[in-house]
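Some notes on the structure that comes next.
Proteins get letters first, then strands, A, B, ... in listed order; numbering begins at 1 in each.
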Protein chains: 2
Amino acid sequence: MAIASQEVSPARFSAQLRSHALQTGIMDLILDRGLDVGDALPTESELSAELGVGRNTVRESLKVLQALGVIEIRHGFGMFVAPNNFSALVSGLTFRGRLSLRHKGEEAMELIDVRQALESGLIGLAIDLLTDEHVADLRATMEAMEDAAKKGEPLHEHDAEFHRRLYAPLNNELLINLMDVFWQVYRKIHLAIGTGPVNLEQQTQDHWDIFEAVANKDKALASERLQRHFDGIRLKLKEVAAA
Amino acid sequence: MAIASQEVSPARFSAQLRSHALQTGIMDLILDRGLDVGDALPTESELSAELGVGRNTVRESLKVLQALGVIEIRHGFGMFVAPNNFSALVSGLTFRGRLSLRHKGEEAMELIDVRQALESGLIGLAIDLLTDEHVADLRATMEAMEDAAKKGEPLHEHDAEFHRRLYAPLNNELLINLMDVFWQVYRKIHLAIGTGPVNLEQQTQDHWDIFEAVANKDKALASERLQRHFDGIRLKLKEVAAA
DNA sequence: ATCTAGACATTGGACGTCCCATCTCCTGTA
DNA sequence: TACAGGAGATGGGACGTCCAATGTCTAGAT
């Protein structure tokens, strides 16, 4: 399974296409050999030989695949087919947000909007599938958050957990990961634009309100309260953009 | 929670950290210098010198940033801050789907589910913001699709356009891009599992039905019809997985 | 017999150098 | 004025060399 286009007329294909072909070549190799998550890939040298390109070149593609969450690279050990994760997306999107903060913060606002749209748009579907067990899990998370708030500890871990469990009924790991990405980007933007003194009690209460609406299966109210959840940062973003 | 804290041995972390630090280093450099979309980055050699790493090493990071849509690399000309695009995500996600098709197609199903959840979950918000102009645009797209169907031409371009315009009222480029990613992944999965003879008229009619519900601002009906939209491929996926 | 420390092979990480491919821009000619 | 072609700059790629991290295996001590 070689990059067939190389033998014929390399010049006809743009460099970008060749680079992309190498990446898909490696992915095809994984699929052709029936490698599964956790299985080891050939070594860099072997790949270099089999694909007929230099080791540096294959390394560039491997780094890209690593960034895309396709493979996992372990120094001194080998390379393996990775379980999916979107972590790479976070840095790219955060960069976008920071970049846009310099003019009008439009993209940062869009990032917030995406998270808001995802959360308030999908909560209805989640409520449809909500079981008592899910509600119990949510309550447990909220109690942990309340404990932390009383001790003056930071809430972000509990916050993340709450939002993850909110959409657990959808039973879709991929979607949870995706929403987690936007949670993280949200948080980074929040940190970047600087926050005033955080009111732990208020923050906890906001989440209790959301929990209550969800537990009562009131889709409209839950959706509205989730929207509210983002009003604060939107205001601050506008201030920063105006300045 | 697949994203954040996977169990990681300390040394592997450091290796990852250096690579990641280089990437963020380049992004910081862009931000520090006030570079904007379209502006040129320093040359590879300059970056190599300024960041104190070898050119090959910096190239690996640059390729990653290119894959993440942060920069655009033009052979023989230079590197530039890129407008955001998620196109890189597509290949990674498609790989996931193809990989999962070999056992139970779970991830492929999740990918479909994500698109379905996004579309049917967000249509309500879109309808809230729908204007007559948006409806007119949608109708125009549908008429173009119908024309193509009558000529026996492939519909996928019109299909993509229809779904893009469906969420245009949300006025969020980022979200449109994101949904476009899942549209493309959906299509690739569709092609990968093989489709029976496509019924152009039926396909067009399905879209007309969705259009009608949206134009009438019937959120529930629109959401339901969007859900239906995916029933076919889900069935086929289950067949493939069972085989 | 068991445990541990250290040697060892394997593998990825980083770098330098050389040459090729491609682009833009400028110059010269018709 | 317009077009063709060259010059220079920049990214693309290939080796070769050495460094660093990791897991394994073995020898020695207990």
Practice task
Using atom CG of Leu47(B) as one end and atom C1' of dC15(C) as the other, report the distance to the nearest whole Å.
Solution key: 16 Å
Practice task
Would you kindly check whether a donor in the side chain of Asn56(A) faces an acceptor in the base of dG12(D), or vice versa, at under 3.5 angstrom?
Solution key: no
Where do N or O atoms of nucleotides 6-12 of chain C meet protein N or O atoms at under 3.5 Å, pair by pair?
unit_1, atom_1, unit_2, atom_2, d
dG12(C), OP2, Glu44(A), N, 3.0
dG12(C), N2, His75(A), NE2, 3.3
dG12(C), N3, His75(A), NE2, 3.1

Practice task
In whole angstrom, give the distance that lies between atom NE2 of His20(A) and atom P of dG12(D).
Solution key: 15 Å
Exercise for the section: Give the rounded distance in Å between these two atoms: CG of Leu62(A) and C1' of dA14(C). Expected result: 15 Å
Handout entry: Test: Asp28(B) and Arg98(A) ion pair at under 4.0 Å
Key = yes
Problem - Electrostatic pair Lys238(B):Glu106(B) at N-O distance under 4.0 angstrom - result: no
Exercise for the section: Using atom types as modelled and distance alone, determine if a side-chain donor or acceptor of Ser48(A) lies under 3.5 Å from a backbone N or O of Val53(A). Expected result: yes
Practice task
Please check if atom CG in Asn171(A) has more than 12 non-hydrogen atoms from other residues, nucleotides or ligands closer than 6.0 Å.
Solution key: no
Completion exercise
Separation of dA21(D) atom C1' from Arg18(B) atom CZ, nearest Å, is 11 Å
Exercise for the section: Mind jotting down which residue pairs meet the salt bridge (charged side-chain N to carboxylate O under 4.0 Å, His left out) criterion with at least one end in residues 167-187 of chain B? Sequence neighbours excluded, please. Expected result: Arg164(B)-Asp180(B)
Handout entry: Glu143(B), CD atom: more than 12 neighbouring heavy atoms under 6.0 Å
Key = yes
Handout entry: Interatomic distance, Gln23(A) CD vs dG13(D) P [rounded to whole Å]
Key = 11 Å
